[in-house]
Q: 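Here it is: the structure, laid out below.
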2 protein chains.
Amino acid sequence: MRKRPNRRTAFELLDSAPLFAALGDQMRLRLVSRLCEQGAASISRLTAGTGVTRQAISKHLRVMHNSGLVDSTRRGRERIWRLNQRRLQDARRYVEIISQQWDDALARLRTFVED
Amino acid sequence: MRKRPNRRTAFELLDSAPLFAALGDQMRLRLVSRLCEQGAASISRLTAGTGVTRQAISKHLRVMHNSGLVDSTRRGRERIWRLNQRRLQDARRYVEIISQQWDDALARLRTFVED
DNA sequence: GGCTTATGCAACCTTCGGGTTGCACATTAC
DNA sequence: GTAATGTGCAACCCGAAGGTTGCATAAGCC
């Protein structure tokens, strides 16, 4: 049987809040999709067709950057943004940790109740 | 090879924003952990030891409820809250969809570049 | 009945988030 | 050099988010 998550895991889990928060906005999810499809793009390109200002997109990118979801590199006068896949994997792992906690809890309950 | 996500999938993905947002707060993640460990609990019990007011916790629970993360049932004068596991699975699925989009994008890029 | 406990509702405060406009500054194109 | 393009920075607006206090109400305990 799998061992229950230790204190370290729970602590790490709390750190994932900013990552989930970064995914918790429609516009940012659109940006994620866009970055997936186009691989990498400048702010101007990312802004086109969104219906909001370049500055708005810029702020979203900063939020995503602060949680590690995207990285950027300067190329000439442009700044190119790309998804950080490792961070996506983290999100995946976090959700699985929670699910696993839940499953473990169910298992423990069954042990007690044994209906 | 796996087919790329269609418009329907992308649309569904945007709907996942509230779910991620519900997970994007430290206090709410603590609540999730607590609900995992204890299975189900009343507001009072969930509030104990958090350092904030019962009302604050109540609001967090409402946010989580609006995104389908938790359900509640009345039992006597108490209201019992529990995690909705299906919604957790949804979160899991959404993250995987994004990861998959990413993988597909990489694959397409390779097809073009063929370095 | 009367006290305690568990919750719900409403008003309020303060900070933050998403958005805008305006301007300054590089970099590329001609 | 000059014009156009791509960004960055700062101030501002407004509504929502996280939190509080105060009061009302319903259910259990004695």
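So you know, we letter chains A, B, ... as the sequences are listed, proteins then strands, and number each from 1.
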Q: Any donor and acceptor pair, going by atom type alone, linking the side chain of B:Arg87 with main-chain N or O of B:Ser67 inside 3.5 Å?
A: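 Yes; at least one donor-acceptor contact below 3.5 Å.
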Q: Check the distance between D:dG6's P and A:Trp81's CH2 and give it to me in whole angstrom.
A: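 Value for this atom pair: 17 Å.
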Q: Could you check B:Leu46 against B:Leu61 for side chain to side chain contact (heavy atoms under 4.5 Å, CB included), going step by step and ending with a plain yes or no?
A: CA-CA 10 Å; B:Leu46 288 173; B:Leu61 286 173; 4.1 Å; yes
Q: Is the number of heavy atoms from other residues, nucleotides or ligands within 6.0 Å of CZ (A:Arg74) greater than 12?
A: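 Yes, enclosed.
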Q: In whole Å, what is the span from the CG atom of A:Leu31 to the P atom of C:dG18?
A: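 It works out to 12 Å between those atoms.
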Q: Name the residue from A:Leu29, A:Leu83, A:Thr50 that meets the side chain to side chain contact (heavy atoms under 4.5 Å, CB included) definition with A:Arg34.
A: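 So, applying the side chain to side chain contact (heavy atoms under 4.5 Å, CB included) to A:Arg34 and each of A:Leu29, A:Leu83, A:Thr50, only A:Thr50 qualifies.
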Q: Identify whether any heavy atom of A:Ser58 sits under 4.0 Å from a base atom; if not, whether one sits that close to sugar-phosphate; answer base, sugar-phosphate or nothing.
A: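 No contact.
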Q: When every nucleotide of nucleotides 19-25 of chain C is labelled 5' to 3' by its protein contacts under 4.0 Å (heavy atoms), B for base, S for sugar-phosphate only, - for none, what sequence of letters results?
A: BBBB---
Q: What's the CZ-P distance between B:Arg30 and D:dG18, to the nearest Å?
A: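 Roughly 15 Å, once rounded to whole Å.
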Q: Indicate, with a heavy-atom threshold strictly under 4.0 Å, whether B:Arg45 touches base, sugar-phosphate, or nothing.
A: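 Nothing, no heavy atom under 4.0 Å.
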Q: Are A:Glu96 and A:Arg92 close enough, and set up right, to give a side chain to side chain contact (heavy atoms under 4.5 Å, CB included), and what steps lead you there?
A: CA-CA 6 Å; A:Glu96 271 163 24; A:Arg92 199 171 189 159; 4.1 Å; yes
Q: How about B:Arg75: does its CZ atom have over 12 heavy atoms from other parts shown lying under 6.0 Å from it?
A: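 No, CZ of B:Arg75 has 12 or fewer neighbouring heavy atoms, counting only those of other groups under 6.0 Å.
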Q: Does any residue of residues 66-78 of chain A have a heavy atom under 4.0 Å from DNA chain D, and if so, which ones, in number order?
A: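 Correct list: A:Arg77, A:Glu78.
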Q: Starting at CZ of B:Arg62 and ending at P of D:dG18, how long is that distance when rounded to a whole Å?
A: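 Checked: the CZ to P distance equals 12 Å.
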Q: Looking only at non-hydrogen atoms, find the nearest pair between B:Ile43 and B:Trp81 and report the distance.
A: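 Of all heavy-atom pairs spanning B:Ile43 and B:Trp81, the closest is CG1-NE1, 3.4 Å.
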Q: Once you round it to whole Å, what is the distance between C1' of C:dG18 and CE of A:Met64?
A: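 About 15 Å, once rounded to whole Å.
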Q: Donor-acceptor pair, distance only, cut-off 3.5 Å: does the side chain of B:Arg54 make one with the backbone of B:Thr47?
A: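 Pair absent, no side-chain N/O of B:Arg54 close to backbone of B:Thr47.
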Q: Got a second to check how far B:Gln26's CD is from B:Leu31's CG, nearest 0.5 Å?
A: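 If I round to the nearest 0.5 Å, the distance is 11.5 Å.
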Q: Roughly, in whole Å, what's the span from CD1 in A:Ile80 to C1' in C:dT27?
A: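 Rounded to whole Å, this separation is 14 Å.
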Q: From B:Asp90 CG over to B:Gln85 CD, what is the distance, rounded to the nearest 0.5 angstrom?
A: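 Here the rounded value is 10.5 Å.
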Q: Check the distance between D:dG18's P and B:Leu61's CG and give it to me in whole angstrom.
A: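 After rounding, the gap between these two atoms is 12 Å.
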Q: Looking at five pairs on each end of the helix from C:dG1-D:dC30 to C:dC30-D:dG1, what is the angle between the two axes, given to 10 degrees?
A: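 Computed angle between terminal axes is 30°.
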Q: Can you check whether B:Ser42 has a side-chain N or O nearer than 4.0 Å to OP1 or OP2 of C:dT7?
A: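 Indeed, a polar side-chain atom of B:Ser42 lies that close.
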Q: Is the backbone of B:Asn84 close enough, under 3.5 Å, to the side chain of B:Asp71 for a donor and an acceptor to pair up by distance?
A: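 No; zero donor-acceptor contacts below 3.5 Å.
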